[in-house]
Amino acid sequence: NQIADRREFYNESVNRYNIRIQSMPDLFVANFMGLVPGLTAPTANLNVTFSLGLLSFLYYNVQGFRESGIKYLAHFLGPVAFMAPLMLVIELFSHMFRPISLAVRLYGNMNGEHILGGVFLNNLGPYPFLYPVLVMALGLFTCLLQSYIFVMLSMVYIAGAVAHEIAKMQQAPERPV
């Protein structure tokens, strides 16, 4: 019956936190704009990607507090009391770098795809008609993949913030060995 409980939690979570899933088409369009001649992708600007990462960071922390209240802070202490000071430092650094990681990943991959496209187009070689098609296919794949990765990482962060396993483990009586 544990599988049924997990399915119910998953379905409830998808319905409740679908705002992050709904942002995937927006990210795809923002990424795709860089493939249109004369346009620049907004996600090729570090300020935009950092803002998106910061919004994701704020959203999952707000959802964690909304779900668990002040007990959400216990999430940062880990499951074992004697390791709580160390886990607190590790978890705080981990959470602080999540928006930076999201931002740099999206920015770097979108800029890398555009730079690679420029290199391919400057070195046309014997088949000049083939390279634009390959660059466009690579660009479409990159746009879709980066949108997916950003949204899925945000969903993983939300799932971790609203999970109750830590609180349940801290309340569970110890089992004899």
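Position 1 is the first residue of the sequence; numbering continues from there.
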Which value, rounded to the nearest 0.5 Å, describes the distance between [X] atom [atom1] and [Y] atom [atom2]?
X    : Y    : atom1 : atom2 : value
F50  : N45  : CZ    : CG    : 12.5 Å
L145 : L140 : CG    : CG    : 12.5 Å
C143 : M136 : SG    : CE    : 9.0 Å
L116 : N109 : CG    : CG    : 11.5 Å
T40  : M110 : OG1   : CE    : 11.5 Å
M24  : Q146 : CE    : CD    : 10.5 Å

Subject >> Verify same cluster id: L54, V62 (apolar side-chain graph, 4.5 Å) >> reply: no
Original post:
Is V133 reachable from L144 through a run of hydrophobic residues whose side-chain heavy atoms are each under 4.5 Å from the next?
Top reply: no
**OP:** Give a yes or no on whether the backbone of F150 and the side-chain of S154 come within a donor-acceptor separation of less than 3.5 Å.
**Re:** yes
Minimum heavy-atom distance [X]-[Y], with the two atoms named:
X    : Y    : result
A44  : N111 : CB-OD1, 3.3 Å
E113 : G139 : OE2-CA, 3.2 Å
S147 : N31  : OG-ND2, 3.1 Å
A30  : P42  : O-CD, 3.1 Å

**OP:** Classify the ring geometry between F57 and Y60 as parallel (under 30°), tilted (30 to 60°) or perpendicular (over 60°).
**Re:** perpendicular
Original post:
What is the ring orientation for F97 with F93, classed by angle as parallel under 30°, tilted 30 to 60°, or perpendicular over 60°?
Top reply: parallel
pair [X]-[Y]: side-chain heavy atoms closer than 4.5 Å:
X    : Y    : answer
E91  : L77  : no
L106 : V48  : no
L27  : T43  : yes
L102 : L153 : yes
V162 : Y72  : no

Subject >> is_close_aromatic(F65, H75), centroid dist under 6.0 Å >> reply: no
Subject >> For Y157, side chain to side chain donor-acceptor pair (under 3.5 Å) partners two or more places apart >> reply: none
**OP:** For atom CE of M96, decide whether the heavy atoms of other residues, nucleotides or ligands shown that lie under 6.0 angstrom number more than 12.
**Re:** yes
